[in-house]
Amino acid sequence: MTDAANHLGATLQDFLDGRLPDARRAEVEAHLDQCPQCRGELEALRWVRDVALRRLPGEEVPPAVARRVAAALDAAEAPSQGWARWAAAAALAAAAVLAVVLLSRPSGDLADAVARDFAEYSGGRLTLDLQSSDPAAVESLFANAGLVFRTRVFDLGMMQYHLAGGRVHQVRGRPSALFAYRGPGGRDLVCQMYEGRLADLPRTDDVRERNGITFRVYRVKGVTLVFWQEGAAICVLASDAEAEAVIQLAYAKAVKV
């Protein structure tokens, strides 16, 4: 499928992306009029792009995926029956769509990652940078670490949850302010704040509204997670306490920004 073999190969991706000069584009269009094989491969690439754009609104198909598809199409140039070449192109297209879908799934991983961080802290495998019951001291820890979003460490003493301290953390590669509490019956409660959007999260059937704030609730392996937006930051509470109790804590401390 190279130009030397009278097929367009990787040039098809450049044509689809509008990267060819006018003269070369005219040559490619003339070739496509006469070559069913290259037309079929172009349609496979176009299908990959269109599916990816539906999965990733407002974003381009990751360039690495596009390059790999084009390279794989070139590598499939060994002489074969036309149907076999088309089958190979279709299989490559399907594999590329799968890659795009996997690349576009930070959302599910965010909820899982927060639940995993709770389990790591509760199990003693995730330690705090600062052990303190003073919210101002923990906020200073985050400010000195250079976190770009405003942090707000809650005072939950009236609800019998006592601040244990904080940690400069990362959740799925995003800088995070993590702070932890110990509550009734020795229950742990972990809060994280990180820069993000509720739209980054996976779909959930448990979406609630309170005082003009949207709360997204998840349950992952016995851990209740409650996410809400505060300005540029996402706040999330995570605990294995009774689910409604965790939700009520979120209601009590969320602030509309």
Side-chain angles (χ1 to χ4, degrees), residues 105-198 200-202 213 215-243 245-257:
R105 291 180 56 207
S107 53
D109 288 343
L110 277 170
D112 292 342
V114 172
R116 185 165 55 250
D117 286 342
F118 171 81
E120 291 287 307
Y121 172 76
S122 189
R125 298 179 295 277
L126 188 67
T127 59
L128 300 175
D129 295 335
L130 172 67
Q131 295 188 8
S132 174
S133 60
D134 180 1
V138 178
E139 287 180 355
S140 293
L141 169 72
F142 299 139
N144 292 336
L147 295 180
V148 297
F149 51 90
R150 178 179 176 273
T151 60
R152 188 169 67 88
V153 178
F154 315 135
D155 182 355
L156 300 176
M158 294 288 290
M159 299 163 186
Q160 301 181 53
Y161 277 86
H162 303 288
L163 182 64
R167 169 189 175 91
V168 179
H169 190 56
Q170 286 200 346
V171 55
R172 293 296 298 169
R174 304 170 187 228
S176 160
L178 183 153
F179 40 105
Y181 301 81
R182 179 58 60 91
R187 292 282 191 184
D188 290 315
L189 175 75
V190 171
C191 179
Q192 291 200 59
M193 297 184 70
Y194 63 88
E195 195 169 26
R197 305 172 303 157
L198 285 181
D200 296 335
L201 294 163
I213 302 172
F215 297 87
R216 296 174 69 96
V217 181
Y218 303 84
R219 293 168 182 82
V220 179
K221 296 181 180 178
V223 178
T224 298
L225 312 169
V226 187
F227 292 79
W228 70 95
Q229 189 94 41
E230 288 196 6
I234 293 291
C235 300
V236 52
L237 293 183
S239 181
D240 58 1
E242 195 273 324
V246 181
I247 294 167
Q248 292 300 320
L249 284 170
Y251 287 168
K253 290 303 172 183
V255 172
K256 186 174 178 61
V257 177

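Fair warning: this is a prediction, and the values are worked out from it, not measured in the lab.
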Shortest non-hydrogen contact from [X] toward [Y]:
X	Y	result
Leu147	Ala177	CD1-CB, 3.7 Å
Gly166	Val138	CA-CG1, 3.8 Å
Ala137	Leu130	O-CD2, 3.7 Å

Side-chain donor/acceptor of [X] to backbone N/O of [Y], under 3.5 Å:
X	Y	value
Arg167	Thr127	yes
Arg187	Asp240	yes
Glu230	Ala233	no
Ser122	Phe118	no
Ser239	Asp188	yes
Arg152	Met193	no

Query raised in the report: When the ring planes of Tyr218 and Phe227 are compared, do they come out parallel, tilted or perpendicular, using 30° and 60° as the limits?
Result: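 Taking Phe227 first and then Tyr218, their aromatic rings stand perpendicular (interplane angle over 60°).
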Query raised in the report: Glu139 and Thr151: side-chain donor and acceptor closer than 3.5 Å?
Result: no
How long is the straight-line distance from [atom2] of [Y] back to [atom1] of [X], given to the nearest 0.5 Å?
X	Y	atom1	atom2	result
Ile234	Leu110	CD1	CG	9.0 Å
Gln131	Leu163	CD	CG	10.5 Å
Arg125	Glu120	CZ	CD	4.5 Å
Gln160	Tyr181	CD	OH	15.0 Å
Gln192	Leu237	CD	CG	10.5 Å
Thr224	Leu189	OG1	CG	10.5 Å

Do the side chains of [Y] and [X] get nearer than 4.5 Å, heavy atoms only?
X	Y	answer
Asp117	His169	yes
Leu225	Arg219	no
Cys235	Tyr194	no
Phe179	Leu128	no
Cys191	Phe154	yes

Sequence neighbours excluded and cut-off under 3.5 Å, please list the side-chain donor-acceptor pairs for residues 248-257, or say none.
| residue | atom | partner | partner atom | Å |
| --- | --- | --- | --- | --- |
| Lys253 | NZ | Asp155 | O | 3.0 |
| Lys256 | NZ | Gly212 | O | 3.1 |

Query raised in the report: Got a salt bridge between Asp200 and Arg174, using NZ or NE/NH1/NH2 to carboxylate O under 4.0 Å?
Result: yes
